[in-house]
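Taking it in order: structure first as structure tokens, then the write-up.
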Amino acid sequence: MAAIIIVGAQWGDEGKGKATDILGGKVDYVVKPNGGNNAGHTVVVGGEKYELKLLPAGVLSENATPVLGNGVVVNLEALFEEIDGLEARGANASRLRISSNAHLVTPYHQTLDRVQERFLGKRAIGTTGRGIGPTYADKVARVGIRVQDLFDESILRQKIESALDVKNQMLVKMYNRKAIEVDAIMDYFMGYAERVKPMVIDAERTLNDALAQGHHILMEGGQATMLDVDHGTYPFVTSSNPTAGGACVGSGIGPTQITGVLGIVKAYTTRVGAGPFPTELFDKWGDYLQEVGGEVGVNTGRKRRCGWYDAVIARYAARVNGFTDYFLTKLDVLTGIGEIPICVAYDVDGVRHDEMPLTQSEFHHAEPIFETMPAWDEDITGCREFSDLPQRAQDYVLRLEELSGAPMSYIGVGPGRDQTIVRNDIMER
């Protein structure tokens, strides 16, 4: 039995989809425990590129059952668009299962997300506008709608009416928008109820029974540590807990069942949306990393902000999540760049910080303290053993390992499923 959690160690877009896809072939269930269709993954299988948004990357595994856990917020329209798109390309999404306790994104959540973000103006957080934040807000306020509510029309109508009593006041009186009709929301949900019904399960019981029977489970977190609503760069964060503890809550699998936590970290750093980013580059190297690394958001199409590797953040993520291992991605992007800076600490108003500063204000003013290492010129995309890497590439990986709080057990040297060096397989312990 193994229960492995995959967590982004930076601000997302580290390559969690590739890691999930590789390990997903060795497990029986792949669970998405948080987020919604605001957290995309890119997976390359057999030269085919798949851009997943709401579905777990494990949906492309031949044997694993993909599960949307209770911590996910589900946009049904987006879900079925994604399923239909995959099946049109020959993929099989029929094994997908959804927790009955997962919350549903409604059209009014999406409307509120967009108008509230515009209303903030320069103070905008940089959300995707997909209604994720308002859905989680309703969940915490105990006025949300869950998947199980689709199968009791009376309860569903009552919940929609209750929610719109307040939200229409906001839309009309605060934002000068039209009120949303209850019947329109009912019709929207009823249009999906029968199709989604066969997918709905008691996910908590199913997953715990599977572990008791000796099966292997992989939990793939959306977003990343620095976007966690508690542990990230608040308020420039998501509305859920994409850290390892959040994976337990969002799946119903208790922490004593977890056998490993794999942090996904890019060989440099990127961020989408607003918020502080100490190692961000505004020169030719930022453009280089963006172009060569293909740094464009899967869901939004926004260019990612790029910077050098930040070991302070990596150490922080290792501590918050309890990483047992790292999966280092996109090492090949750094080939041939001359020298590679690594952020080892921050300078905040003349004071050195080797760990995350106490306050958001200090982090906002943090200046990176760099050490540099020589890059390599050799093509590494065909390397399959650590010893195949040029010595300078090996040295870079080992230095990151020394600085980051956990061993670099996997190294990505290209986008393909097979372009991965495995130093220590987390599934074989």
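Heavy-atom basis, side chains included; hydrogens, waters and symmetry copies ignored. Residue numbers run from 1 in the order of the sequence given.
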Q: If a pair satisfies side chain to side chain donor-acceptor pair (under 3.5 Å) and one of its residues is in residues 72-85, list it, with sequence neighbours excluded.
A: Asp84-Arg195
Q: Check side-chain contact (heavy atoms from CB on, under 4.5 Å) between Ala184 and all other residues, then give those that pass, not counting sequence neighbours.
A: Glu181
(Q) Is a donor from one side chain sitting under 3.5 angstrom from an acceptor on the other, for Asp310 and Thr269? (A) no
Q: Sequence neighbours left out, what passes ring pair (Phe, Tyr, Trp, His ring centres under 6.0 Å) with Phe80? Give chain and number order.
A: Tyr192
(Q) Holding to ring pair (Phe, Tyr, Trp, His ring centres under 6.0 Å), I want the full list of residues that pass it with Phe323, two or more places apart in sequence or in another chain. (A) Tyr326
Q | side-chain contact (heavy atoms from CB on, under 4.5 Å) involving Pro357 - partner list, sequence neighbours excluded | A | Tyr346, Val348, His353, Glu362, Phe363
(Q) Suppose we screen for ring pair (Phe, Tyr, Trp, His ring centres under 6.0 Å). Which residues come up paired with Tyr268, at least two apart in sequence or across chains? (A) none
Q. Have Ser94 and Asn92 got a donor and an acceptor in their side chains that come within less than 3.5 Å?
A. yes
(Q) Quick one: does any side-chain atom of Thr329 pair with a main-chain N or O of Glu14 as donor and acceptor, under 3.5 Å? (A) yes
Q | Listed partners of Arg97 passing side-chain contact (heavy atoms from CB on, under 4.5 Å), at least two apart | A | Thr65, Val67, Ile201
Q) Tyr396 and Ala267: which non-hydrogen atoms are nearest, and at how many Å? A) OH-O, 2.8 Å
(Q) Can you pull out every salt bridge (charged side-chain N to carboxylate O under 4.0 Å, His left out) where at least one residue sits in residues 253-277? Sequence neighbours excluded, please. (A) Lys266-Glu295
Q: Indicate yes or no for a side-chain donor-acceptor contact from Asp332 to the backbone of Thr381 under 3.5 Å, with no hydrogens or angles considered.
A: no
Q. Will you find, in the side chains of Asp228 and Thr238, an N or O donor that is under 3.5 Å from an N or O acceptor?
A. no
Q: Just jot down the side-chain contact (heavy atoms from CB on, under 4.5 Å) partners of Pro198, sequence neighbours excluded, or say none.
A: none
(Q) Any donor-acceptor pair under 3.5 Å linking the side-chain atoms of Asn34 with those of Gln223? (A) yes
Q) How would you list, by chain and number, every residue that makes a ring pair (Phe, Tyr, Trp, His ring centres under 6.0 Å) with Tyr288, sequence neighbours excluded? A) Trp285
Q.
Side chains of Asp138 and His103: any donor to acceptor distance under 3.5 Å?
A. no
Would you be so kind as to tabulate the donor-acceptor pairs closer than 3.5 Å made by side chains of residues 207-215, with sequence neighbours excluded?
residue : atom : partner : partner atom : Å
Asn208  : ND2  : Glu204  : O            : 2.8
Asn208  : ND2  : Gly252  : O            : 2.9
His215  : ND1  : Asp28   : OD2          : 3.3

Q | Pairs meeting criterion ring pair (Phe, Tyr, Trp, His ring centres under 6.0 Å) with involvement of residues 139-170, two or more places apart | A | none
Q. Ser409 and Asn424: side-chain donor and acceptor closer than 3.5 Å?
A. no
